[in-house]
Amino acid sequence: MSPLFRLLRPCAGALAGLFLGLAASLQAGPAQAQASRLDEVVQRGKLIVATFASSPPLCFTDDKGQLVGFDIDVAKLIAKSMFGDEKKIEFVTVTSEGRWPSVLSGRADLGIASTTVYPDRALRVAFTRPYMDAGIGVLVRRDAGVKSLTDLNNAKFTLANLSNPQMADRQKRFLPNVKTLTFDTASAMFLAVKSGQAQAMQFDSPVIDWYGKENTADLMVLPELLGNVQNNAIFMKPGDFTWWLYLDTFVQELTTGSRYAEYVELYQKWFGRNPPPQRFYTGAR
């Protein structure tokens with residue numbers, strides 16, 4: 001046996017073992033691959049959705065104890081697209097902070113709960129493209145004599161905030177002089193304003209517009225938004241591309257494609273106006 005062969009023989013044995021291990025892992029890979037949430041939902045035969053119960057007109061409980069709202073109707077359309085029946089759906093009501101654990105734990109398949117997309121939130125959950133554009137509006141008591149954000153930015157006024165860091169940061173940026181009260185739900189914020197505990201509240205503009213429309217004698221919506229227009233989206237546990245792609249495709253078709261007529265119907269039903277127009281491909285100019 002040559003010295004060179006004696007030198008290479010241990011290396012050859014190690015390489016052979018490595019190749020055998022790699023081949024075994026490649027064979028086991030497909031069998032061990034985790035099924036998509038989409039497969040699980042289809043096999044179960046119903047959709048489980050996390051949402052709020054007190055954020056009109058997006059997701060709230062009506063006088064009959066039923067969950068209703070724009071978000072609820074969007075979720076029902078997803079169930080209808082999957083099963084041909086909008087009733088094949090189960091809603092799980094959550095708090096503002098409870099919405100993230102509801103999908104991360106697998107308790108819910110997705111969340112649609114008046115949720116604005118922020119980069120820090122995208123570190124925790126996956127978002128579809130937006131299903132609704134919204135800004136942050138401000139609702140004020142008429143007897144406060146406030147006509148603008150400048151008028152409101154006064155230490156004699158109290159602003160109701162939701163318990164999330166984005167609202168706190170926004171208040172400090174645009175209304176640094178007001179006092180604040182923090183609540184867990186939009187309905188609790190609204191009751192604080194309605195009762196006079198606070199003179200104003202900030203929240204997604206569709207919700208603010210709804211409250212203003214339903215209480216025109218006592219409340220009004222300021223004409224300015226707090227910052228830029230923002231996006232509301234469906235959220236889910238990250239890492240499942242197939243499930244995300246299905247939901248994102250549904251949103252695309254609802255807002256700009258084959259199901260746009262249903263989108264118009266929902267907008268008119270809940271907001272009394274048409275949604276943004278469809279985007280058309282016009283080609284190169």
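What's counted below: heavy atoms across the whole structure, side chains too, no hydrogens, waters or symmetry copies. Everything numeric in this text was worked out from a predicted model, so none of it was measured.
- Salt bridge annotation for E90-K46: present, with a cationic side-chain nitrogen under 4.0 angstrom from a carboxylate oxygen.
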request  = Quick one: do W210 and F203 satisfy ring-ring contact (aromatic ring centres under 6.0 Å, His included)? Show the steps, please.
outcome  = CA-CA 11 Å; W210 168 272; F203 206 72; over 10 Å; no
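- Side-chain contact check for L222 versus V140: some heavy-atom pair is nearer than 4.5 Å.
- Electrostatic pairing of D218 and R141 does not count as a salt bridge here, judged by no charged N lying under 4.0 Å from a carboxylate O.
- Side chains of S205 and L225 form a contact here, defined as non-hydrogen atoms less than 4.5 Å apart.
- Within 6.0 Å of the CG atom in N177, the count of heavy atoms belonging to other residues, nucleotides or ligands exceeds 12.
- A donor-acceptor pair is defined here as one N or O able to donate and one able to accept, closer than 3.5 Å; no such pair exists between the side chain of S102 and the backbone of W100.
- Within 6.0 Å of CD in E214 there are more than 12 heavy atoms belonging to other residues, nucleotides or ligands.
- Around atom NZ of K172, no more than 12 heavy atoms belonging to other residues, nucleotides or ligands sit under 6.0 Å away.
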request  = Could you please spell out the steps behind the side-chain contact (heavy atoms from CB on, under 4.5 Å) verdict for T128 and M236?
outcome  = CA-CA 9 Å; T128 63; M236 71 218 71; 3.6 Å; yes
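- Under the 3.5 Å distance criterion, the side-chain polar atoms of Q202 are left unmatched by any main-chain donor or acceptor of V138.
- Judged purely by atom type and a 3.5 angstrom limit, D151 uses its side chain to pair as donor or acceptor with the backbone of K147.
- In this structure, W244 contributes its side chain and F127 its backbone to a donor-acceptor pair below 3.5 Å.
- In this structure a side-chain-to-backbone donor-acceptor pair under 3.5 Å is present from R142 to T216.
- Contact check on R129 versus D248 returns a salt bridge, with a Lys/Arg side-chain nitrogen under 4.0 Å from an Asp/Glu carboxylate oxygen.
- A donor-acceptor pair is defined here as one N or O able to donate and one able to accept, closer than 3.5 Å; such a pair exists between the side chain of R99 and the backbone of S96.
- For N161 and T182, the side-chain atoms include no donor-acceptor pair closer than 3.5 Å.
- For F271 and F70, the ring centers are positioned less than 6.0 Å apart.
- Atom CZ of R107 has 12 or fewer heavy atoms from other residues, nucleotides or ligands within 6.0 Å.
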task = Determine, step by step, whether Y267 and Y263 satisfy the ring-ring contact (aromatic ring centres under 6.0 Å, His included) criterion, reporting the C-alpha distance in whole Å, the side-chain angles of both residues, the deciding distance to 0.1 Å, and the verdict.
result = CA-CA 6 Å; Y267 248 77; Y263 191 54; 5.1 Å; yes
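- Residue pairs meeting the side chain to side chain donor-acceptor pair (under 3.5 Å) criterion with at least one partner in residues 58-75, sequence neighbours excluded, are D71-Y131, D73-K269, D73-W270.
- A salt bridge does not link K237 with D109: none of the charged nitrogens is closer than 4.0 Å to a carboxylate oxygen.
- Distance alone, capped at 3.5 Å, is enough to place a donor-acceptor pair between the T185 side chain and the A188 backbone.
- Under the 3.5 Å distance criterion, the side-chain polar atoms of K88 are left unmatched by any main-chain donor or acceptor of G45.
- Counting non-hydrogen atoms of neighbouring residues, nucleotides and ligands closer than 6.0 angstrom, the NZ atom of K194 exceeds 12 such neighbours.
- Using a 4.5 Å heavy-atom threshold, the side chains of V207 and L139 count as separate.
- Between D204 and S114, the side chains place a donor N or O and an acceptor N or O closer than 3.5 Å (distance only, hydrogens not considered).
- If you check the side chains of Q230 and D133, you find no donor sitting under 3.5 Å from an acceptor.
- Without hydrogens or angle criteria, Q268 side chain to R273 main chain gives no donor-acceptor distance under 3.5 Å.
- A donor-acceptor pair under 3.5 Å is absent between the side-chain atoms of E253 and the main chain of R259, judged by distance alone.
- Each of V103 and L58 belongs to its own hydrophobic cluster when Ile, Leu, Val, Met, Phe, Trp and Tyr are linked at side-chain heavy-atom distances under 4.5 angstrom.
- Between L254 and V74 there is a side-chain heavy-atom pair separated by less than 4.5 Å.
- Side-chain contact, S187 with Y211: no donor N or O sits under 3.5 Å from an acceptor N or O.
- Residues E97 and N164 have side chains that never bring a donor and an acceptor to within less than 3.5 angstrom of each other.
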